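This report concerns only the one structure given below.
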Amino acid sequence: MMKPSMSSSSEVRLFLTVLLSNRCMVEAWGLLQQHTTKLNIEELLKHMYEICQEMGLMEDLLKLPFTDTEKECLEKFLQTKSGAENHEFLLVHHLQRANYIPALQLNQSMKTSLTNDRDPRLRERAVVRNSLLDQYIKILPTVQRKLAVERAKPYRLPSSVLREVPRPKPLSTATRQANAGNVHTRATFISKVLSRFKEAWLGKKKTSFSEYNK
């Protein structure tokens with residue numbers, strides 16, 4: 001099967017739209033990476049992110065590997081979009097890449113914006129989000145967890161000085177038999193986070209639809 005030639009960014013955008021409309025995420029991502037240049041990369045990435053948002057493919061998009069440029073464009077795209085769902089996708093994106101401090105700062109910002117909002121559905125989503133984030137942060141070592149939480153605060157005392165230091169090497173080690181139990185990987189946890197967000201959004205949409213029919 002011959003691959004069609006594409007000589008312009010508009011043709012690449014057209015093929016990206018067709019592939020994403022058929023939910024061919026991996027193929028679309030590969031096509032984009034084959035035809036991006038320094039001149040058109042932001043344009044093509046923005047187009048792909050917008051189509052993924054319109055088609056409900058953001059969950060699949062977040063599972064792909066990103067280069068630094070692709071990651072920066074995605075973060076900029078989600079930050080400029082309004083709505084709790086976009087901010088939650090950005091939160092998941094930070095957690096996937098172990099960016100705990102930006103994730104905590106974003107969640108703190110979402111808490112602040114929710115202060116004057118009386119929508120019970122948004123408050124319920126906030127409770128779920130805070131609970132998930134708290135569970136995720138618990139897997140960090142104590143020192144790193146305290147450092148991340150302190151840096152995520154909206155203000156810090158001027159007298160406090162925080163410095164990152166390399167983890168010290170142990171003088172001696174002793175092996176111990178690990179207790180048998182279920183292994184929870186980061187990928188499994190992220191999948192559960194996305195599922196919880198999806199359940200919350202579906203519940204919100206069903207409630208809105210019911211109210212509309214009244």
Side-chain angles (χ1 to χ4, degrees), residues 20 23 25-26 28-29 45-140 144-145 148-154 184-212:
L20 291 173
R23 310 188 75 83
M25 175 63 70
V26 175
W29 193 245
L45 283 172
K46 182 180 179 182
H47 176 75
M48 180 158 184
Y49 297 157
E50 288 177 344
I51 298 299
C52 286
Q53 189 178 52
E54 293 174 6
M55 300 295 297
L57 297 173
M58 291 301 294
E59 291 184 21
D60 297 323
L61 176 68
L62 292 179
K63 297 175 183 178
L64 298 174
F66 287 78
T67 63
D68 290 340
T69 301
E70 293 162 354
K71 181 183 68 174
E72 290 174 4
C73 288
L74 176 64
E75 292 175 0
K76 182 180 179 181
F77 174 80
L78 292 174
Q79 286 169 353
T80 55
K81 295 292 182 179
S82 60
E85 187 177 20
N86 291 311
H87 293 161
E88 286 174 349
F89 281 134
L90 181 57
L91 182 67
V92 172
H93 170 74
H94 284 316
L95 292 176
Q96 282 179 315
R97 283 147 185 81
N99 297 328
Y100 305 117
I101 294 176
L104 286 169
Q105 290 173 334
L106 176 60
N107 193 51
Q108 183 64 40
S109 174
M110 296 174 72
K111 286 181 181 179
T112 303
S113 62
L114 189 65
T115 303
N116 298 323
D117 200 319
R118 298 182 179 180
D119 189 336
R121 293 187 296 270
L122 291 179
R123 292 189 174 277
E124 182 180 355
R125 288 174 57 76
V127 171
V128 174
R129 185 176 63 248
N130 294 334
S131 176
L132 290 171
L133 191 60
D134 289 342
Q135 292 298 320
Y136 200 94
I137 296 301
K138 285 180 180 179
I139 68 175
L140 296 176
Q144 188 177 358
R145 181 170 63 250
V149 171
E150 182 66 24
R151 286 192 172 183
K153 291 180 179 179
H184 300 281
T185 64
R186 184 174 8 175
T188 302
F189 186 83
I190 288 295
S191 178
K192 291 182 179 179
V193 171
L194 288 171
S195 297
R196 292 293 296 274
F197 283 156
K198 187 174 182 180
E199 289 174 3
W201 271 107
L202 288 175
K204 178 182 177 181
K205 291 179 180 178
K206 289 179 180 179
T207 303
S208 302
F209 183 73
S210 300
E211 293 176 352
Y212 178 78

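Every value quoted in this text rests on a predicted model; they were computed, and no experiment measured them.
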Audit row: Glu85, Phe89, side chain to side chain contact (heavy atoms under 4.5 Å, CB included) steps and yes/no: CA-CA 6 Å; Glu85 187 177 20; Phe89 281 134; 3.5 Å; yes
Distance in Å, Cys73 SG paired with Asp68 CG, rounded so as to fall on 0.5 Å steps: 11.0 Å
His87 vs Leu78 side-chain heavy atoms within contact, under 4.5 Å: no
Verdict with supporting geometry, Lys76 and Glu72, side chain to side chain contact (heavy atoms under 4.5 Å, CB included): CA-CA 6 Å; Lys76 182 180 179 181; Glu72 290 174 4; over 6 Å; no
Residues that Ser131 engages under side-chain hydrogen bond (donor to acceptor under 3.5 Å, both in side chains), provided they are two or more places apart: none
Run the side-chain donor-acceptor check on residues 54-63: report pairs under 3.5 Å with partners two or more places apart or on a different chain.
none

Counterpart residues, ring-ring contact (aromatic ring centres under 6.0 Å, His included), relative to His94 (two or more places apart): none
Closest contact, heavy atoms only, Leu95 versus Ala103: CD2-CB, 3.8 Å
Atom pair CG/CG of Asn99 and Leu104 - distance to nearest 0.5 Å: 11.0 Å
Over all atoms of both residues, closest heavy-atom pair of Phe77 and Gln53: CZ-OE1, 3.8 Å
Phe66: ring-ring contact (aromatic ring centres under 6.0 Å, His included) partners, not counting sequence neighbours: Trp29, His93
With sequence neighbours excluded, residues passing side-chain hydrogen bond (donor to acceptor under 3.5 Å, both in side chains) with Asn107: Arg129, Asn130
Nearest heavy-atom neighbours spanning Leu64 and Arg97: O-NH2, 3.3 Å
Taking every non-hydrogen atom, the tightest pair across Met25 and Cys52: CE-SG, 3.5 Å
Atom pair NZ (Lys81) and CD (Glu50), whose distance is rounded to the nearest 0.5 Å: 5.0 Å
